[in-house]
Undergrad: 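The structure under discussion is supplied below as structure tokens; questions concerning it will follow.
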Protein chains: 2
Amino acid sequence: MASSAPASRSCSCGQHCAHCLEKLCTHGIPIFASLAVDQLEKIAGKTLHRSYEKGETILEEGSHPDYVAILNGGSVKASRFTADGREQILYVFSEGDFFGEQNLLFDRPAVYAVTALEPCRLCFLYKKDFQQLLADNPDIGLRIISELGWRMSHLENSVRNMGVRSLESRIGAVLLELAGKYGAKQDDGTLVRMPLSREGLANYIGIARETVSRKLGMLEDEGMIRSVGARHILIRDMKALEELAG
Amino acid sequence: MASSAPASRSCSCGQHCAHCLEKLCTHGIPIFASLAVDQLEKIAGKTLHRSYEKGETILEEGSHPDYVAILNGGSVKASRFTADGREQILYVFSEGDFFGEQNLLFDRPAVYAVTALEPCRLCFLYKKDFQQLLADNPDIGLRIISELGWRMSHLENSVRNMGVRSLESRIGAVLLELAGKYGAKQDDGTLVRMPLSREGLANYIGIARETVSRKLGMLEDEGMIRSVGARHILIRDMKALEELAG
DNA sequence: GCCCCTCCGTGATTGCAATCACATCCTTAT
DNA sequence: ATAAGGATGTGATTGCAATCACGGAGGGGC
């Protein structure tokens, strides 16, 4: 894993131009937001990079990764499996998200598998460098706590939603979430690029694939949304959707 | 809230005897584990203390507490409510657990209410003091990350379990969890003091109260457990229960 | 162009847990 | 002790989503 040669990321133009910043893998990552450019470059120089194709496994359940992985482009899913092979998707990560910090800092095995949902790029920061970084910048610890807090909010929402009976509100909630991450405003509504297939959606909210189809069909009949191809959904009435999601 | 006068907690015997350590509210709290005794005393001197009766609300959903609360004895539940008034319990906290750190560090409103399940004691550490503490001891930040990691594992488990169809395994999982926190080994099994009523259990795992009764009855018929009064359950066959929970 | 394979929608059936209704037990206050 | 109110067990019924089964659509490779 992550065995391809790391491209040097230091800014070759001798200045910190926008162009080079954009190519810097540590740039735009929330947990590194407090670092200065030269620090970003220093860290970037220590990372390994690798691209993954759709469907490739990045991290296996139960493994002991010795790196923090930072998602630099594309999106991945993090999922757990039950004994009888059913998948429960816990998170959909996209650019700027990270994973593996628990395993690295506290030597716990990974409790979920991470799989690419589309072609994506990751950068890996290894244990020693990450710990050094944390020691030098206590601020990063705070930012990690903050990010974990958001992630917990998300899970708390999931648990709450799954405890409720109404399937519709769960569908609504997940559509809103994906709209926030992958949606683009248009004249006639918000067009959402769906990183998950219908089956993926089903495994994300914990219901059957067929039920997802049926409920989405109902929402479409009501004029709330409209399917656009297989991988896009247009939200026509955001307000109604928000009300549905509660 | 927390308006009763704080008792001074510094060690009056002039030495760090076991007796006084036991009374020190900061002693035995995991996130403070790396602090020396004099630091523990210093923090303890800055805390406010208050006791709560069963059923009392400690923290309301949506409020902006400016303290971290550390549970010093007893147990509490953290729960969210749906629009139609249904309760979903997210956590059962007991001695040594803390809450409120997200609200305090990042000024986010509390997303769950916290209510006493039995008489309990809390100590409150206010914003300024907590931030100072974090700044002085970066180690505490790491310990918070660690604890949040465990809490996330718990939620990830909950989501996974709720995504699975089998009610039995969810019941089994929650019994195991409570056994770990409130269980005592005996000759004939593990006796678990149940902090939650049957309705509480139901709201914890997201199913109906009646179903909890029925499923527990089934487990009792199978000889796996035995109800002892209303507030205790004896686990007679731990192995079978673990298998059930997966 | 064609085939193959995966993803997706839809109908019919079934099963399981929510809900409703009520009797009983337990706790607690007076 | 006793009454009152809440918590709990249990049966009957119902509703909703899982499952099963299949046809169709779309997309990628050759």
Side-chain angles (χ1 to χ4, degrees), chain A residues 53-56 77 82 84-89 115-119 161-172 174-175 193-222 225-233 244, chain B residues 53-55 77 82 84-89 115 117-119 161-172 174-175 193-222 225-233 244:
Chain A
E53 290 308 310
K54 174 177 176 175
E56 267 194 280
K77 66 178 177 182
T82 59
D84 58 338
R86 300 162 82 95
E87 177 187 28
Q88 175 65 49
I89 297 178
T115 312
L117 288 172
E118 53 191 350
N161 288 338
M162 294 176 100
V164 188
R165 196 72 301 105
S166 154
L167 287 243
E168 273 88 358
S169 82
R170 281 152 76 176
I171 298 249
V174 81
L175 284 180
R193 186 175 60 85
M194 304 290 289
L196 290 168
S197 67
R198 295 304 148 97
E199 180 157 18
L201 269 183
N203 291 340
Y204 195 25
I205 56 191
I207 66 180
R209 175 186 64 81
E210 294 93 327
T211 307
V212 172
S213 279
R214 278 187 254 268
K215 295 295 177 187
L216 284 180
M218 287 175 52
L219 293 185
E220 191 155 2
D221 289 345
E222 293 169 18
I225 64 171
R226 188 194 309 146
S227 286
V228 181
R231 279 311 230 249
H232 290 266
I233 285 183
L244 180 71
Chain B
E53 289 309 309
K54 175 177 176 173
K77 66 178 176 183
T82 61
D84 58 336
R86 300 162 82 96
E87 177 186 29
Q88 176 64 50
I89 298 177
T115 312
L117 288 171
E118 53 191 349
N161 288 338
M162 294 174 102
V164 186
R165 195 72 301 109
S166 153
L167 287 244
E168 273 88 357
S169 82
R170 281 152 76 177
I171 297 248
V174 82
L175 283 180
R193 186 174 61 84
M194 303 292 288
L196 290 169
S197 67
R198 294 304 148 96
E199 180 156 18
L201 268 183
N203 292 340
Y204 195 25
I205 56 191
I207 65 181
R209 174 186 65 79
E210 295 93 326
T211 307
V212 172
S213 280
R214 277 187 255 268
K215 294 295 176 187
L216 284 180
M218 285 174 54
L219 294 185
E220 190 155 2
D221 289 345
E222 292 169 18
I225 64 170
R226 189 194 307 148
S227 286
V228 181
R231 279 309 230 248
H232 289 266
I233 285 183
L244 180 71

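Numbers restart at 1 for each chain; the letters A, B, ... are given by sequence-line order, proteins then strands.
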Undergrad: Quick check on the helix from C/dG1-D/dC30 to C/dT30-D/dA1: what's the angle between its two end axes, five base pairs per end, to the nearest 10°?
TA: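 Answer rounded to 10°: the end axes differ by 50°.
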Undergrad: Take atom NZ of A/K215 and atom C1' of D/dA18, then tell me their distance rounded to the nearest Å.
TA: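 The distance from NZ of A/K215 to C1' of D/dA18 comes to 12 Å, rounded to the nearest Å.
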Undergrad: How would you list, by chain and number, every residue that makes a side-chain contact (heavy atoms from CB on, under 4.5 Å) with A/A208, sequence neighbours excluded?
TA: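 If we apply the side-chain contact (heavy atoms from CB on, under 4.5 Å) test to A/A208, skipping adjacent residues, the hits are A/E210, A/T211.
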Undergrad: What integer distance in Å separates B/M162:CE from D/dA17:P?
TA: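 My rounded result for the distance is 15 Å.
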Undergrad: Taking B/V212 as the fixed residue, which of B/R170, B/R198, B/E199 is the one that meets the side-chain contact (heavy atoms from CB on, under 4.5 Å) rule?
TA: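 Output: one option passes, namely B/R198.
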Undergrad: Is the closest basic N to carboxylate O distance between B/R193 and B/E118 below 4.0 Å?
TA: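 Looking at B/R193 and B/E118, the cut-off is met.
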Undergrad: What string of B, S and - do you get for nucleotides 4-14 of chain C, 5' to 3', when a contact is any protein heavy atom under 4.0 Å?
TA: ----BBBBB--
Undergrad: Would you mind reading off the distance between A/L167 atom CG and C/dC16 atom P, rounded to a whole angstrom?
TA: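 These atoms are roughly 18 Å apart.
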Undergrad: In whole angstrom, give the distance that lies between atom NZ of A/K54 and atom C1' of D/dG27.
TA: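 For the pair A/K54 NZ and D/dG27 C1', the rounded distance is 10 Å.
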Undergrad: Would you mind reading off the distance between B/I207 atom CD1 and D/dA17 atom P, rounded to a whole angstrom?
TA: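 Rounded to whole Å, this separation is 17 Å.
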Undergrad: Is B/L196 close to B/V174 at the side-chain level, that is, under 4.5 Å between some pair of heavy atoms?
TA: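 When only atoms from C-beta onward are counted, B/L196 and B/V174 do not touch, as no gap falls below 4.5 Å.
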Undergrad: Report the distance from atom NE2 of B/H232 to atom P of D/dT8, rounded to the nearest whole Å.
TA: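 Answer to the nearest Å: 13 Å.
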Undergrad: For residues B/L175 and B/L216, determine if any side-chain heavy atom of one lies less than 4.5 Å from a side-chain heavy atom of the other.
TA: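 A side-chain contact exists here, since the closest heavy-atom pair is under 4.5 Å.
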